[in-house]
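Not measured: the values here are computed from a predicted model.
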Amino acid sequence: MPTATFFRLPEEKRKRLIEACWAELTTVRFADISINRIIAAAHIPRGSFYQYFEDKEDLIRYLLEDMREYFVSLMRNILISSKGDLFSLPVIAYNHFIGHQGHTDPMLTLFLKVMRLNKGMDIQSFVGGPVDFLPDELWEVIAPSKLRQGSRDYADHVFHMACAILAFAVVETLQSPDQWPQVQEQMKIRTDLLRYGGAAEGYKEEVT
């Protein structure tokens, strides 16, 4: 985590430093990050960097944790506004992340760049090691009564699938931005499948 000195920086200086850090993280792989390039872009002495962060791994952890908190906070607010309805999450989040005018959420843009540069790398290890896929902050505001089973384990499975629907729609739209209306409609169908299932009423699988 950053030192207390970092948090006492004037807002303009701290913002300039963070922007320089993000510019570096979205240009090269983690292994190739250069503190020299960061301090040059931020216009700060090299010694000052080490007054704010222990090393570049400390910097990476801070930025990725900040990113995680942004996404979790956004999804938490969506769940609160939808009264804990986990099935509403994909479409509402999609409409926030990607607007029909081609606008893409800035933090999502950063996330996608980092992922493309660091394929195959265990990014989770930089934010404290393995954690539950369904964060505590979201489980606290999910309405278990809206699920077929009210356990956290079951909610985690639904959350996995909801995120898969969202991620697939985001990728589809970024590849073909003009298909935004069609992708949104497809999302609604996939969300309905997640909510209600795809089998006809009364259907029973034949066991052979």
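A 6.0 Å sphere centred on CZ of Phe6 holds more than 12 heavy atoms belonging to other residues, nucleotides or ligands. Heavy atoms of other residues, nucleotides or ligands lying less than 6.0 angstrom from CD of Glu12 number more than 12.
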Steps toward salt bridge (charged side-chain N to carboxylate O under 4.0 Å, His left out) verdict (Glu185, Lys188): CA-CA 5 Å; Glu185 288 304 311; Lys188 292 177 181 178; 3.4 Å; yes
- prompt: For Asp32 and Lys56, what are the C-alpha separation, side-chain angles and deciding distance, and is it a salt bridge (charged side-chain N to carboxylate O under 4.0 Å, His left out)?
  reply: CA-CA 10 Å; Asp32 299 323; Lys56 71 178 183 180; over 6 Å; no
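Looking at every heavy atom in both residues, Trp180 comes nearest to Ile98 through NE1-O, 3.0 Å.
For the pair Ile165/Tyr94, no side-chain contact is recorded, criterion being any heavy-atom separation below 4.5 Å from C-beta on. In this structure, Leu74 and Met107 have side chains that are not in contact, with every pair of non-hydrogen atoms separated by 4.5 Å or more. Considering only heavy atoms from C-beta on, Tyr50 stays 4.5 Å or farther from Thr3 through its side chain. Between Leu25 and Phe30 there is a side-chain heavy-atom pair separated by less than 4.5 Å. In this structure, the side chains of Tyr52 and Leu59 stay at 4.5 Å or more apart for every pair of heavy atoms. In this structure the side chain of Ile38 reaches within 4.5 angstrom of the side chain of Leu17, judged on heavy atoms. Within the 4.5 Å cutoff, the side chain of Leu86 has no heavy atoms near those of the Lys146 side chain.
Classified by interplanar angle (parallel below 30°, tilted 30° to 60°, perpendicular above 60°), the ring pair His96/Tyr70 is tilted. In this structure, Phe53 and Tyr62 have tilted ring planes: the angle between them lies in the 30° to 60° band. Ring orientation note: the planes of Phe111 and Phe71 are nearly perpendicular, at an angle over 60° on the 30°/60° scale.
No option in Phe133, Tyr154, Trp139 other than Phe133 meets the ring-ring contact (aromatic ring centres under 6.0 Å, His included) test with Phe159. For the salt bridge (charged side-chain N to carboxylate O under 4.0 Å, His left out) criterion with Arg76, the lone passing option out of Glu140, Glu137, Glu69 is Glu140.
Using a 4.0 Å cut-off between charged nitrogen and carboxylate oxygen, Glu65 and Arg68 count as a salt-bridge pair.
Listed for the Ser176 side chain is no donor-acceptor partner under 3.5 Å among the backbone atoms of Thr173. In this structure, the side chain of Arg29 does not engage the main chain of Asn118 through any donor-acceptor pair within 3.5 Å.
Checked by atom type, the side-chain pair Asp85/Ser88 shows a donor-acceptor distance below 3.5 Å.
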